[in-house]
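What follows is a set of notes on a single structure, which appears directly below.
Along the sequence shown, residues carry numbers from 1. Bear in mind the structure is a predicted one, so any value in this text is a computation, not a measurement. First listed ligand is number 1; within each ligand, the first listed atom is number 1.
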Amino acid sequence: MKDFNYYAPTEVVFGEESEEQVARLVKKYGGTKVLVHYGGNSAVRSGLLEKVYKLLDQGNIAHVSLGGVVPNPRLSLAKEGIELCRKEGVDFILAVGGGSVIDSAKCIAYGVDFKGDVWDIYLGKAEPTCMLPIAAVLTIPAAGSEMSEASVITNEDGDVKLGYSNNMARPKFAIMNPRRTFTLPPYQTAAGVTDMIMHTMERYFTKDDDMDLTTDLAEAVMRRMKTAVFDVLKNPEDYRQRAQIMWGGSIAHNGLTGCGVHDDWATHQLEHELSGMFDVTHGAGLAAIWPSWARYVMHENLSRFVRFAVNVMDVPNDFSNPEGTALKGIEAMERFYHAIGMPINIKELIGRDVTDAEIKEMTRKCSRDFTRTCGCLKVLKAEDMEAIYRMARH
Ligand code: NZQ
Ligand code: ZN
């Protein structure tokens, strides 16, 4: 069994009244001048942003704001945020939004006291030694950034999307009110659930078969998300099921489903090139890649794919044909993706055939100019990455 450290320091404040606590929490974690960071319009439309400002005012906490974060958050806006924080003497960043806003907040937080170009951190050329504290008021359950150590930023110069992880970046607190997710469009709801199931699968498809409790937890998360998503797609205002999904997104990416196992992350690495190049929704990009990845690697641990088929996808176990059972599990996942409006290949994702040149370019980027591998269940070299992109074509 793999030894592990489990570190999930974020204070989770969950429920309908959770937002009321925002000023108290900012003070508790030392904030005196706050940057409120947000995305496009959803937090303005819903009145959430106004409410946050009012609560900060009532708590006598000074604040400035910066909106405009887009999905696949851009480096240029983060740099603007860094300058703003320096100029205004900001000592705390509050992200009001989803993964993109939280990740942008993390990038800003790294940059404020960093001497040099913050992008170097994402390039692996520099390590930050400190950062501003950040926290989240979550509006879309998906990326799990509200408890994770990761952030993923897109540099428009070359459309390069890179992630960087550091335990310092785990938010101090995360406010989660499931009611705030009632306004999510079906596509974002479905892409979010796809992402959280994928965060679980990245840790579940492993060669380690000896941490049974982790495996049980992972299967419970995947099964619950799979059923809850249909309920909220039917009734977007189903608080109970929205709550399952909101908590599921955090559990799926706070490390709990990875204790004692080696995680994989190849599907994520392959997807980052898709959202970097085509600016697609991350969760949808994952759905477009995973079935091809799964077929490509399943023989590395066939019994795990059989277990997934039976325990998660409700496929009857054909004991005489494990490969057939495993394949049926992957097909069942494809049916699930289609049922919730997700693509199962790149053509469905981007609406046209991906070209050979684009596949070569994604392979080059994903392999960092042919210098790195990715994945763990099967370590993928550049030629494997290219083969999976080709399988995922249509
Ligand atoms: O910009 P607004 O108007 O707020 O609209 C957003 C955005 O268009 C909308 N939205 C959010 N809350 C809403 C809402 N619409 C209506 N009602 C609400 N309550 O949803 C859209 C998507 O938002 P975004 O923040 O982009 O979604 P998500 O949370 O899926 O984040 C995706 C980003 O996270 C990264 C992804 O790569 C992608 O860039 N990831 C971050 C990770 C991490 N930090 O640990 C891990 C993940 O694997 C992922 O890579
Ligand atoms: Zn993800």
_F205 and F305 aromatic ring geometry - parallel, tilted or perpendicular at 30°/60° bounds_ = parallel
Between [X] and [Y], a side-chain donor and acceptor under 3.5 Å:
| X | Y | value |
| --- | --- | --- |
| S367 | D369 | no |
| R224 | Q241 | no |
| D318 | S320 | yes |
| E219 | T215 | no |
| K106 | S145 | yes |

Kindly say whether [Y] contributes a backbone atom to a donor-acceptor pair with the side chain of [X] at under 3.5 angstrom?
| X | Y | result |
| --- | --- | --- |
| T206 | D208 | yes |
| S148 | A150 | yes |
| D91 | G31 | no |
| E202 | H268 | yes |
| D103 | V152 | yes |

Looking at ligand 1, does any of its N/O atoms fall within less than 3.5 Å of an N/O of [X]?
| X | value |
| --- | --- |
| R180 | yes |
| H282 | yes |
| S145 | yes |
| G39 | no |
| G40 | yes |
| A150 | yes |

Contact with ligand 1 for [X], non-hydrogen, under 4.0 angstrom:
| X | answer |
| --- | --- |
| H199 | yes |
| S165 | no |
| H272 | yes |

Can you report which non-hydrogen protein atom sits closest to [atom], along with the distance?
| atom | answer |
| --- | --- |
| atom 24 (P) of ligand 1 | S100 OG, 3.4 Å |
| atom 35 (C) of ligand 1 | D103 OD2, 3.6 Å |
| atom 34 (O) of ligand 1 | A143 CB, 3.5 Å |
| atom 21 (C) of ligand 1 | Q188 CD, 3.6 Å |
| atom 38 (C) of ligand 1 | K161 NZ, 3.8 Å |
| atom 12 (N) of ligand 1 | T139 OG1, 2.8 Å |
| atom 6 (C) of ligand 1 | S42 OG, 4.5 Å |
| atom 29 (O) of ligand 1 | G99 N, 2.7 Å |

For ligand 1, the portion of [X] having any non-hydrogen atom under 4.0 Å away:
| X | answer |
| --- | --- |
| H268 | side chain |
| P71 | both |
| N72 | both |

Ligand 1 atoms in contact with [X] (distance to a heavy atom under 4.0 Å):
| X | result |
| --- | --- |
| S151 | 44 (N) |
| H253 | 45 (O), 46 (C) |
| I140 | 11 (C), 12 (N), 20 (O), 27 (O), 29 (O) |
| T183 | 16 (C), 17 (N), 18 (C), 19 (N) |
| G98 | 25 (O), 29 (O) |

_Gap between atom CG of L162 and atom OG of S151 - 0.5 Å precision_ =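 Between S151 OG and L162 CG, I get 10.5 Å after rounding to 0.5 Å.
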_Pair W265 + H253: ring centers closer than 6.0 Å_ = yes
Ionic contact status for [Y] with [X], cut-off 4.0 Å:
| X | Y | result |
| --- | --- | --- |
| R223 | D314 | yes |
| D113 | R86 | no |
| E156 | R74 | no |

*Selected option - heavy-atom contact closest to atom 45 (O) of ligand 1, from A169, S148, G97, P236*: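 That would be S148.
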_Shortest non-hydrogen contact between R242 and V232, atoms and distance_ =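 What the structure gives for the nearest pair is N-CG1, 3.7 Å.
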*Total protein N/O/S atoms whose distance from the Zn ion (ligand 2) is less than 2.8 Å*: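 Protein heteroatoms (N, O, S) closer than 2.8 Å to the Zn ion (ligand 2) number 4.
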*Residues in ring pair (Phe, Tyr, Trp, His ring centres under 6.0 Å) contact with W119, at least two apart in sequence or another chain*: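 Listed in chain order: Y122.
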*Can you list the steps and then say if R295 with E334 is a salt bridge (charged side-chain N to carboxylate O under 4.0 Å, His left out)?*
CA-CA 12 Å; R295 288 189 175 92; E334 289 178 321; 3.0 Å; yes
